[in-house]
Amino acid sequence: MSILRSAALFVVAAVFEIGGAWLIWQGVREHRGWLWMTGGVLALGAYGFVATFQPDAHFGRILAAYGGIFVAGSLLWGAVADGYRPDRYDITGALICLAGMAVIMWAPRNGG
């Protein structure tokens, strides 16, 4: 599986994971109701399925890498959906997380 396909899976998974958490947040904190929360739970479940399509079979590695995507994606989602304005430290931290994700997922390894 190519790095490009793996990266695309990360993007799809991030939309489901962050979107699901956001829908639950909206349902609870913004009092939008059970329909929003149910959509969030379904989206989080879809994230779990998308994660299984990554080429690496090590659960811990995949979830650790998704952690980096979650940090950066959450800041982007907040900026687009809620008007959050990340500062330079948010952006620096997100870039560090993305670099960590790339090392975890795509660094050459001997013996798999």
Side-chain angles (χ1 to χ4, degrees):
M1 180 179 295
S2 72
I3 290 176
L4 186 60
R5 183 166 178 212
S6 177
L9 285 169
F10 274 118
V11 169
V12 171
V15 169
F16 283 130
E17 182 185 23
I18 298 164
W22 184 79
L23 287 169
I24 292 169
W25 178 281
Q26 292 296 308
V28 174
R29 301 272 312 225
E30 303 297 327
H31 308 290
R32 295 189 188 241
W34 285 102
L35 190 59
W36 286 70
M37 290 182 275
T38 301
V41 168
L42 292 173
L44 288 169
Y47 150 72
F49 281 105
V50 172
T52 65
F53 295 116
Q54 283 291 342
D56 194 303
H58 295 94
F59 179 79
R61 183 176 294 145
I62 299 299
L63 268 280
Y66 273 113
I69 297 294
F70 186 80
V71 169
S74 294
L75 290 172
L76 179 61
W77 189 286
V80 171
D82 290 328
Y84 177 70
R85 296 294 168 241
D87 64 20
R88 64 183 175 196
Y89 299 108
D90 293 329
I91 293 167
T92 300
L95 292 173
I96 291 168
C97 288
L98 289 175
M101 179 278 306
V103 170
I104 289 169
M105 282 302 296
W106 303 319
R109 290 186 163 79
N110 292 327

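Quick note: numbers below take in every heavy atom, side chains included, and nothing from hydrogens, waters or symmetry partners. Owing to the predicted nature of the structure, the values given are computational and were not obtained by experimental measurement. FYI, the numbering just counts along the sequence from 1.
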| Donor + acceptor pair across side chains of Asp82, Trp22 (<3.5 Å) | yes
| message | With rounding to the nearest 0.5 angstrom, report the CZ to CZ distance, Arg61 to Arg109. | response | 3.5 Å
| remark: Under a side-chain separation threshold of 4.5 Å, the hydrophobic residues clustered together with Val41 are Ile24, Val28, Trp34, Met37, Leu44
| task | Measure the spacing between CG of Asp56 and CD1 of Ile104 and express it to the nearest 0.5 Å. | result | 10.5 Å
| Value rounded to 0.5 Å, distance of CD1 in Ile18 from CG in Leu23 | 12.0 Å
| task | Grab the two heavy atoms, one from Ala43 and one from Phe16, that are nearest each other, plus how far apart they are. | result | O-CB, 3.3 Å
| Is it true that a side-chain atom of Gln54 and a backbone atom of Ser6 form a donor plus acceptor pair closer than 3.5 Å? | yes
| query | Taking the side chain as C-beta and beyond, is there a heavy-atom pair between Tyr84 and Asp90 under 4.5 Å? | reply | yes
| query | Counting only heavy atoms not in Trp36, do more than 12 sit closer than 6.0 Å to its CH2 atom? | reply | yes
| note | Residues at least two apart in sequence or cross-chain that pass side chain to side chain donor-acceptor pair (under 3.5 Å) with Asp87, listed by chain then number, are none
| field | Pairing residues for Tyr47 by the ring pair (Phe, Tyr, Trp, His ring centres under 6.0 Å) criterion, not counting sequence neighbours | value | Tyr66
| remark: Value for CG (Leu76) from CD1 (Ile69), rounded to nearest 0.5 Å, stands at 11.0 Å
| query | Got a second to check how far Leu63's CG is from Phe70's CZ, nearest 0.5 Å? | reply | 12.0 Å
| query | Going hydrophobic residue to hydrophobic residue with side-chain gaps under 4.5 angstrom, can you get from Leu9 over to Leu98? | reply | yes
| note | Scanning both residues in full, the closest heavy-atom pair of Trp77 with Gly19 reads CH2-CA, 3.4 Å
| said: With clusters defined by side-chain heavy atoms of hydrophobic residues (ILVMFWY) lying less than 4.5 Å apart, directly or transitively, does Val12 cluster with Leu42? | reply: no
| field | From CD1 (Ile62) to CE (Met101), nearest 0.5 Å | value | 11.0 Å
| query | Cluster question for you: counting only ILVMFWY and a side-chain heavy-atom cut-off of under 4.5 Å, with indirect links fine, are Trp106 and Val11 together? | reply | no
| field | For the student: nearest non-hydrogen atoms of Val103 and Ala107, plus distance | value | O-CB, 3.1 Å
| request: Treat each ILVMFWY residue as a node, draw an edge where side-chain heavy atoms are under 4.5 Å apart, and state whether Val71 and Ile96 are in one component. | output: no
